[in-house]
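Report on the following structure.
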Amino acid sequence: MGSIPRFGRPCSPDEIDKSVLKEGAVIVEGAYSPEQCETFLAEVDAYVRDNPGEAKYADSSILGTFQGPTTSSLHSLVGAIPSAASMVLQEDILGCARRVLAPLSDTILLSVAEYMARHPGQELQGLHRDTFSWRHVPVGEQPIALTVMAAMRDFTPENGATWVVPGSYGGPATDPAPEWSEAIQAELKQGDALLFRADLFHGGGANTTESDVRHIFSMGFQVAWLRTVENSTLSVPPSIARDLPVELQELLGYSNEMVLGLYKGGDPKNALT
Ligand SMILES: O=C(O)CCC(=O)C(=O)O
């Protein structure tokens, strides 16, 4: 059975990238501080309290129904949650995404930034590849996207820590899933982040606890020539985007990959002035 390499910070970019490219996954311990995680959770709570319709909308969306009735979620966090900007820009995670996606794209995009709460009663999710959204893209050796599951509170075997199948990348998203006996669970402490190639088979675990909600900050990064999961220039319109760091503006799509994504034939950042 394979394993998921783990690294504390400061960690070597080479080791992280090698693990993602070879095993398919890596854990960066302490990617976020406990204070960052608690601030994030408090901001999500406050936002959902003030905007109950948005969480309801997310729960009944195409992604929400895939995630099941015992998961509540909130999408497009950069436009809603103040601490999301700095969390997306976490240097070990973003650096890894940039490097492992570089062979196939000069620029990358934030595909999704989502909060998920997996409640007691959550059933085992089917093993799947996140490349299903782009299943028509021919499969090659290099990853086209990277997924991140960061633990905002501990991920334990009992509350459903993410399962991954090391080495199970490189095929089409429509491949039959591997056997569960090949899967291992990524136990994470608060603030740890699991990074994996989006073409790696994985799935959320069953939450068999009485009251331990599993809190996830999930992100995806992708090559810039594919359409993103979240429509970021709608959810973070120019009026909000203009005050964000330039690096984040670019990840949200205020950027172009050569002639893709142009605004009036030029740099989309011109929409922010
Ligand atoms: O719950 C998890 O840890 C994984 C979630 C996931 O893969 C998904 O919702 O697509």
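When reading the values below, keep in mind they use all heavy atoms of this one structure, side chains included, and skip hydrogens, waters and symmetry mates. For ligands, and for the atoms within them, numbers begin at 1 and follow the listed sequence.
Formation of a donor-acceptor pair under 3.5 Å by the Q185 side chain with backbone atoms of G205 is not found in this model. Counting only distance, with no hydrogens or angles, the side chain of N159 and the backbone of D154 share a donor-acceptor pair below 3.5 Å.
At a threshold of 4.0 Å, the pair R153-D212 does not count as salt-bridged, since none of the basic side-chain nitrogens sits closer than that to a carboxylate oxygen.
Cation-pi geometry between R129 and F132 is not satisfied (NZ or CZ under 6.0 Å from the ring centre, within 45° of the ring normal).
The side-chain hydrogen bond (donor to acceptor under 3.5 Å, both in side chains) test with H202 is passed by exactly one of D130, T147, T162: D130. Just one residue in the list E38, H215, Q36 forms a side-chain hydrogen bond (donor to acceptor under 3.5 Å, both in side chains) with Q190, and that residue is E38.
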Show the short N or O contacts, below 3.5 Å, that ligand 1 makes with protein N or O atoms; if there are none, say 'none'.
unit_1   : atom_1 : unit_2 : atom_2 : d
ligand 1 : 1 (O)  : R118   : NE     : 2.6
ligand 1 : 1 (O)  : R118   : NH2    : 3.4
ligand 1 : 1 (O)  : R214   : NH2    : 2.7
ligand 1 : 3 (O)  : T162   : OG1    : 2.6
ligand 1 : 3 (O)  : R214   : NH1    : 2.9
ligand 1 : 3 (O)  : R214   : NH2    : 3.2
ligand 1 : 7 (O)  : Q125   : OE1    : 3.4
ligand 1 : 7 (O)  : H128   : NE2    : 3.2
ligand 1 : 7 (O)  : H202   : NE2    : 3.0
ligand 1 : 9 (O)  : R118   : NH2    : 3.0
ligand 1 : 9 (O)  : Q125   : NE2    : 3.1
ligand 1 : 10 (O) : H128   : NE2    : 3.0

